[in-house]
Amino acid sequence: MSKVETQLTINLPDGSKRNLECGATAADLAQSIAQGLYRKAVGALINGEIRDLFSVLSDGDTVKILTADDVESLELLRHSTAHVMAEAVQRIFPQAKIAIGPTITDGFYYDFEIPGHTLSTEDLSKIEDEMKRISQENQRIVRHQIPDVDKQISEFKNGGEKFKAELLEEHKHESPTLYLMQDKDGKTIWNDLCRGPHLPNTGLIKAFKLLKVSGSYWRADEKREQLQRIYATCWWKTSDLEDYLKRLEEAEKRDHRKLSKQLDLFSVHDEVGPGLIFWHPNLATIRATIEDFWRDVHRKRGYQFVFTPHIASEQLYEISGHLQSYGENMYSAMDIDGQPYRAKPMNCPGHIMIYRSRLRSYRDLPVRFAELGTVYRYERSGVLHGMLRVRGFTQDDSHIFCTPEQLEGEINGILDLIDFMMTTFGYKYKAYLATRPEKYLGTDEEWAMATGALEAALKSRNLDYEVDEGGGVFYAPKIDIKLYDAIGREWQGPTVQVDLNLPKRFDVTYIGEDGERHQAVMVHRAVLGSMERFCGGLIEHYAGVFPTWLAPTQVIVLPISDRHQEYAAQVLAKLRAADVRANMDDKSETVNYRIREAQMQQIPFMLIVGDKEAADSAVAVRHRRDGDLGVQKVDDFVELITKEIKERK
RNA sequence: GCCGACGUAGCUCAGUGGUAGAGCAACGGUUUCGUAAACCGUAGGUCGUGGGUUCAAAUCCCACCGUCGGCUCCA
């Protein structure tokens, strides 16, 4: 007999090898390495896959034993806690039917159908208590391959677990498994259909919190059963849980709707309608500053600015195909002289009209049209959200028309522009290449050409990117950029799409070197996305503390008493002459009071002026963060702040 | 659109069937001040809207509107 049949060789992460008896599990491996590791082991990373601790190993496997110190183990923890929650819910509400309970970032959720009961926040603490009990009972979590799938399906059906029955039916040929919750005598108390992996027991589950209840649909299909979803978070250590809850609190403090009230930024009005934003002077100033920056950047990169109408005859959207494929997001037609017109949902058809207004030569290309174009889209009432999800918004839209040969270079240029702008705002970002989806227009060659150009540009810039297989839109592959803000939250950022549809529909062509007509390649791109969403996001990114170049008021002059008003006015005039956004606060309040107000408004600089300063052409500078910076000459201060503004700090 | 919660003064909130309250902001006056809240006073609400129950409704019931948390989609 050769040794392979009785012994396994396992590779360890440090490169060493270890021999074990055939049939050994990851737990056996842990024990063979060290008792301490065995005690701490909660699962295993087998050939890069997270698995149960009691998984049987195969010869040649590379295995890393997972403990609570490994990030991968959070997946095991959260997934297992989801089951504990489901078990608790069914203990409290025996009529509850369980659906699915996946892990999500920082936690998990589980969907239930609970006939005759609507979950309330009070229920959450009851469920938490029950979960604690299940943890104390230290139930074993045992993987169980289903021997007779059809029998199990009818068992689920008899027990009323219709969702589980449906799932099992679908996965019947994938050797499905149940996870059994067993008491210390090995008696099964509860089970759930699940692929796993899980922790070895519930005693490991300690630091969790149920966060909110919400509605959802079975299989995310609104035609199917409406379910109740419980969201929860879970961590190994109570301190991690507390940190997470603190992060949530911090995020809440940054909420742009909340900051808007403190800083007087924007409003929406019942009389006007939901999802329509009114920009107050403070935020309008920030937006105008960003737009100036945007224009400057685009001008320098060879873009041309255009403006297009906000309404257009329906014909236009018939040609573009928006009416057919995007119709449910468009507002209904208005009658103008008997002709149906529509509010524009996208800027592209308009830009194409300009392109097509004359014959274009290959020598004209690339043509880069850019517009801060306001569009209107119907969004269901339930999805509207402050400035981040609205019904009327302004895109920083651009369409580039070029030859196939120019495509990669254009994309490269766009990525460069994106990098410059996002870095200016202090966002980190990551790129995703979204490839051809199942339903698509155009030929395979076109898709290959377009996707290839996107990928080549990413590679030539050495940009880290992930491929989102099938994530493209039906008419275009695209690069999506995700932004990471000051507290690490992800935001949808710039997008670049190579359109394979509109150039055909509108017959967008140029005359080539050969004197023939050729179809132009068209790229859509937005960097900021929409002014509404971008500015909403910026408010949260900066927590309302806008850098000086963006701050609505950059300087406030505070005369100490009435007799200093005249000098303060001179200082103010100097600042304004230097294009600094400055104001004076000469209210009849104490200096302390006015400083406090300026601090709370996050005004970068406060200039306090009294007798000493007036006598000396000076100002006493206070910075919102660094405090008292001492006295300096007015001209010196103007120079300092002008530099800061110019450097976009 | 669907599920749930919520809607009281400009803002933050108290008020669970019996005469609508507080703090801040606003306004008037006094104070003229040196780096995060001076003092006194005045005014401000059809309690989201409409209907119902009741002797009596901010409070209980119904409908609608809006907001918030999600579901789906996306800038």
Side-chain angles (χ1 to χ4, degrees), chain A residues 109 111 113 118-121 123 211-231 252 255 257-258 260-262 264 267-275 326 328-329 345-347 373-397 473 480 491-495 524-534 536-537 558-565 586-601 606-613 620-624 626-631:
Chain A
Y109 68 78
D111 284 345
E113 183 179 65
T118 305
L119 289 171
S120 65
T121 359
D123 292 328
L211 298 173
K212 54 198 170 194
V213 271
S214 83
S216 67
Y217 301 98
W218 172 233
R219 317 229 105 175
D221 182 349
E222 54 191 74
K223 290 184 198 72
R224 302 211 51 185
E225 292 88 338
Q226 172 106 38
L227 305 174
Q228 301 186 58
R229 174 173 298 179
I230 303 177
Y231 283 93
E252 219 170 288
D255 190 307
R257 294 161 300 191
K258 198 170 170 173
S260 168
K261 283 182 180 157
Q262 287 164 27
D264 194 14
S267 56
V268 288
H269 303 270
D270 287 6
E271 306 89 310
V272 179
Y326 201 71
E328 54 189 48
N329 288 297
M346 293 196 186
N347 298 306
T374 304
V375 296
Y376 292 89
R377 298 182 186 173
Y378 173 71
E379 298 284 357
R380 299 152 113 200
S381 60
V383 305
L384 300 173
H385 181 98
M387 299 186 74
L388 303 180
R389 193 67 190 272
V390 295
R391 286 179 171 162
F393 56 94
T394 301
Q395 290 180 302
D396 70 314
D397 213 351
V473 270
D480 277 328
W491 295 82
Q492 188 177 305
T495 178
H524 306 247
R525 47 111 285 189
V527 180
L528 307 173
S530 78
M531 296 313 293
E532 282 71 11
R533 181 178 285 177
F534 189 76
L558 307 175
I560 285 179
S561 73
D562 288 353
R563 69 173 182 281
H564 307 115
Q565 279 173 9
D586 57 358
K587 275 200 294 288
S588 167
E589 294 285 354
T590 60
V591 174
N592 275 344
Y593 180 92
R594 287 175 285 156
I595 286 174
R596 182 181 145 83
E597 267 208 332
Q599 281 288 152
M600 295 204 303
Q601 289 304 304
M606 288 150 260
L607 301 183
I608 295 123
V609 295
D611 293 330
K612 283 179 278 179
E613 289 76 16
V621 183
R622 182 191 162 95
H623 185 263
R624 65 183 166 194
D626 304 331
D628 194 346
L629 298 183
V631 176

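In what follows, chains are A, B, ... by sequence order, proteins preceding strands, each numbered from 1.
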Practice problem: Using atom CG of A:Asp611 as one end and atom C1' of B:U32 as the other, report the distance to the nearest whole Å. | Solution: 11 Å
Quiz item: Using purine N1 to pyrimidine N3 plus N6-O4 or O6-N4 for Watson-Crick, or N1-O2 and O6-N3 for G-U wobble, each under 3.5 Å, what pairs with B:G45?
Solution: none
Practice problem: Would you mind reading off the distance between A:Ile608 atom CD1 and B:G34 atom P, rounded to a whole angstrom? | Solution: 11 Å
Exercise. Evaluate the side-chain proximity of A:His385 to A:Val383: yes if any heavy-atom separation is below 4.5 Å, no if none is.
Key: no
Quiz prompt | Identified pairing partner of B:U30, criterion: Watson-Crick or G-U wobble below 3.5 Å | solution = B:A38
Exercise. For the pair A:Arg257 and A:Asp255, find out whether any cationic side-chain nitrogen is under 4.0 Å from an anionic carboxylate oxygen.
Key: yes
Quiz prompt | Summary of protein contacts for nucleotides 69-75 of chain B, nucleotide by nucleotide, where a base hit scores B, a sugar-phosphate-only hit scores S (4.0 Å, heavy atoms) | solution = BBBBBBB
Quiz item: NA contact type, A:Asp270, heavy-atom cut-off 4.0 Å: base, sugar-phosphate, or nothing?
Solution: sugar-phosphate
Quiz item: Hey, does A:Ser381 reach any base, or is it just sugar-phosphate, or nothing, if we go heavy atoms under 4.0 Å?
Solution: base
Quiz item: How far does CG of A:Asp397 sit from CG of A:Leu528, to the nearest 0.5 angstrom?
Solution: 11.0 Å
Quiz item: Less than 4.0 Å between a side-chain N and a carboxylate O, is that true for A:Asp586 and A:Arg594?
Solution: no
Quiz item: Taking the C1' atom of each, how far is B:G41 from B:A5, in whole Å?
Solution: 41 Å
Self-check item: Minimum-distance nucleotide to A:Pro274 side chain [options: B:A38, B:G66, B:A36]
Solution: B:G66
Quiz item: B:A75 pairs with which nucleotide, Watson-Crick or G-U wobble, both distances below 3.5 Å?
Solution: none
Quiz item: Between A:Arg229 and A:Asp111, is there a side-chain N and carboxylate O pair less than 4.0 Å apart?
Solution: yes
Practice problem: Pick the C1' atom in B:C61 and in B:U67, then give their distance to the nearest Å. | Solution: 23 Å
Quiz item: With rounding to whole Å, what would you report as the distance between B:G15 and B:U8 at their C1' atoms?
Solution: 9 Å
Self-check item: Which atom of A:Arg533 lies closest to which atom of A:Ser530, heavy atoms considered
Solution: N-OG, 3.0 Å
Every protein N/O lying under 3.5 Å from an N/O of nucleotides 23-25 of chain B:
unit_1 : atom_1 : unit_2   : atom_2 : d
B:A25  : OP1    : A:Tyr593 : OH     : 2.8

Quiz item: Is A:Arg389 salt-bridged to A:Glu532, cutoff N-O under 4.0 Å?
Solution: no
Quiz item: Can you check the A:Lys223 NZ to B:C3 P distance for me, whole Å?
Solution: 16 Å
Exercise. Tell me which of A:Ser120 and A:Arg563 sits closer to the 5' end of RNA chain B, going by the nucleotide each one is nearest to.
Key: A:Ser120
Quiz prompt | Polar side-chain atom of A:Arg391 near backbone of A:Glu379 as donor-acceptor pair, under 3.5 Å | solution = yes
Exercise. Searching all strands shown, indicate the nucleotide that pairs with B:G23 (Watson-Crick or G-U wobble; both distances under 3.5 Å).
Key: B:C11
Quiz item: To the nearest 0.5 Å, how far apart are CG in A:Leu227 and CG in A:Leu119?
Solution: 11.0 Å
Quiz item: P atom, B:C47 versus B:C68: distance in rounded Å?
Solution: 24 Å
Practice problem: For A:Gly386, answer base if it contacts any base atom (sugar-phosphate contacts may also be present), sugar-phosphate if it contacts only those atoms, and nothing otherwise; contact means non-hydrogen atoms under 4.0 Å. | Solution: sugar-phosphate
Exercise. Could you tell me whether the phosphate oxygens of B:U12, OP1 or OP2, come under 4.0 Å of any side-chain nitrogen or oxygen in A:Lys261?
Key: yes
Practice problem: Sticking with atom C1', work out how far B:U53 lies from B:A22, rounded to a whole angstrom. | Solution: 32 Å
Practice problem: Provide the distance between the two P atoms, one in B:C64 and one in B:A57, to the nearest whole Å. | Solution: 24 Å
Exercise. Classify the side chain of A:Arg622 versus the base of B:A36 as yes if they form a donor-acceptor pair under 3.5 Å and no if they do not.
Key: yes
Quiz item: What nucleic acid atoms does A:Glu613 come within less than 4.0 Å of, heavy atoms only: base, sugar-phosphate, or nothing?
Solution: base
Quiz item: Taking a pair as Watson-Crick or G-U wobble with both distances under 3.5 Å, which nucleotide is matched to B:C6?
Solution: B:G66
Quiz item: Are A:Arg380 and A:Glu222 within salt-bridge range, i.e. N to O under 4.0 Å?
Solution: yes
Quiz item: A:Ile560 has an atom CD1; how far is it from atom C1' of B:U31, in whole Å?
Solution: 16 Å
Self-check item: Base-pairing assignment for B:C60 (Watson-Crick or G-U wobble, both under 3.5 Å)
Solution: B:G52
Exercise. Remember a base hit wins even if backbone is also touched, and classify A:Ala598 as base, sugar-phosphate or nothing at under 4.0 Å, heavy atoms.
Key: nothing
Exercise. Just name whichever nucleotide pairs with B:G17, Watson-Crick or G-U, keeping both distances under 3.5 Å, else none.
Key: none
Self-check item: CD on A:Gln395 to CE on A:Met531, rounded to 0.5 Å
Solution: 11.5 Å
Quiz prompt | Pairwise P distance for B:C2 and B:C24, with rounding to whole Å | solution = 43 Å
Exercise. Let me know the distance between NZ of A:Lys258 and P of B:C11, rounded to the nearest Å.
Key: 15 Å
Practice problem: Let me know the distance between CD of A:Glu589 and P of B:G28, rounded to the nearest Å. | Solution: 12 Å
Quiz item: Has the side chain of A:Asn592 got a donor or acceptor atom sitting under 3.5 Å from an opposite partner on the base of B:U35?
Solution: no
Quiz item: Using atom C1' of each nucleotide, how far apart are B:A56 and B:G52 to the nearest Å?
Solution: 15 Å
Quiz item: Below 4.5 Å, heavy atoms only, C-beta onward: do A:Lys612 and A:Val631 meet side chain to side chain?
Solution: no
